[in-house]
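Just the heavy atoms: all of them, side chains too, but no hydrogens, waters or symmetry mates, feed the values below.
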Amino acid sequence: LNENLDIQAELNYEQKGDKDNSTKFKYDYLTVPVLLKYSLGKSDHTALMFNVNAGPYAGFLLDARSTTNGIDTDLTASTEDFEFGVIGGIGLKYPVAKNNLVLDLRLGLGLTPYDKNDSDPNNKYIGVTLGYEF
């Protein structure tokens, strides 16, 4: 948009889940975040560029499973196919030739419930993204 402000759309594979004493829950999503990134400028000592980012995401369920004592159960019938949420984070960008190596630390909050039988639980996560920007 300008020298300091960008819009960045992504296509990501994400695994979300939880575990308690005996059960592990795993949800696989294809997510499409659209982030507004504000550049804080370059470091005085290196070519690193710092940014903050925020925006919405749409998540599409690929698979949902639980595992208890080695027994695998398919949860896709009781899990919502679509999730909507917001992301906020900080990032680093390092120039490599004409492109950039990117590292982001993000916090995500699902605004829609993922469980069809319970309207209370939403996904919350901390994520690390490593990428190559063309």
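- In this structure, Ile126 places its CD1 atom where only 12 or fewer heavy-atom neighbours from other residues, nucleotides or ligands lie under 6.0 Å away.
- In this structure, Ser66 OG and Asp18 CG are separated by 11.5 Å, a value rounded to the nearest 0.5 Å.
- Linking Ile, Leu, Val, Met, Phe, Trp and Tyr whenever their side-chain heavy atoms come within less than 4.5 Å leaves Tyr132 and Met49 in two separate clusters.
- Between the Asn100 side chain and the Val102 main chain, no donor and acceptor come within less than 3.5 Å of each other.
- When all heavy atoms of Leu35 and Gly55 are compared, the closest pair comes out as CD2-N, 3.8 Å.
- The side chain to side chain contact (heavy atoms under 4.5 Å, CB included) search around Asn12 returns Glu10, Glu14, Thr31, Pro33, Arg106, not counting sequence neighbours.
- There is a path of hydrophobic side-chain contacts, each under 4.5 Å, that joins Ile7 to Val52.
- There is no path of hydrophobic side-chain contacts, each under 4.5 Å, that joins Leu107 to Leu111.
- The salt bridge (Lys or Arg N to Asp or Glu O under 4.0 Å) contacts involving residues 48-70 comprise Asp63-Arg65, Arg65-Asp72, where partners must be two or more places apart or lie in separate chains.
- For the atom pair CD of Glu80 and OG1 of Thr112, the computed distance is 7.5 Å after rounding to the nearest 0.5 Å.
- Atom CG of Asn21 is surrounded by 12 or fewer heavy atoms from other residues, nucleotides or ligands within 6.0 Å.
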Evaluation steps, side chain to side chain contact (heavy atoms under 4.5 Å, CB included), between Tyr125 and Ile87: CA-CA 9 Å; Tyr125 66 93; Ile87 297 173; 3.6 Å; yes
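- For the atom pair Asp6 CG and Asn51 CG, the distance stands at 8.5 Å (nearest 0.5 Å).
- The two residues Ala47 and Pro95 make their nearest non-hydrogen contact at O-CD, 3.3 Å.
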Stepwise side chain to side chain contact (heavy atoms under 4.5 Å, CB included) test for Val32 and Leu30: CA-CA 7 Å; Val32 182; Leu30 187 63; 5.6 Å; no
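- Here Thr79 contributes atom OG1 and Asp115 contributes atom CG; the two are 6.5 Å apart, rounded to the nearest 0.5 Å.
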Evaluation steps, ring-ring contact (aromatic ring centres under 6.0 Å, His included), between Phe82 and Phe84: CA-CA 7 Å; Phe82 178 79; Phe84 178 76; 7.0 Å; no
Audit row: Asp28, Tyr13, side chain to side chain contact (heavy atoms under 4.5 Å, CB included) steps and yes/no: CA-CA 7 Å; Asp28 297 331; Tyr13 169 77; 3.2 Å; yes
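- In the hydrophobic cluster analysis, where Ile, Leu, Val, Met, Phe, Trp and Tyr join through side-chain heavy atoms closer than 4.5 angstrom, Leu101 is grouped together with Leu103.
- Atoms NZ and CG, on Lys93 and Asp104 in that order, are 9.5 Å from each other to the nearest 0.5 Å.
- In terms of modelled atom types and a separation under 3.5 Å, the side chain of Asn122 and the main chain of Gly110 share a donor-acceptor contact.
- Neither side chain, Asn53 nor Gln8, offers a donor N or O lying under 3.5 Å from an acceptor on the other.
- Using a 4.5 Å cut-off between side-chain heavy atoms of Ile, Leu, Val, Met, Phe, Trp and Tyr, Leu75 falls into a hydrophobic cluster with Phe25, Tyr27, Tyr29, Leu61, Tyr114.
- When the shell of 6.0 Å around CZ of Phe50 is examined, it contains more than 12 heavy atoms from other residues, nucleotides or ligands.
- Under the 4.5 Å side-chain heavy-atom criterion for Ile, Leu, Val, Met, Phe, Trp and Tyr, Leu36 and Leu40 are members of the same hydrophobic cluster.
- Expressed to the nearest 0.5 Å, how far NZ of Lys116 lies from CG of Asp81 amounts to 5.0 Å.
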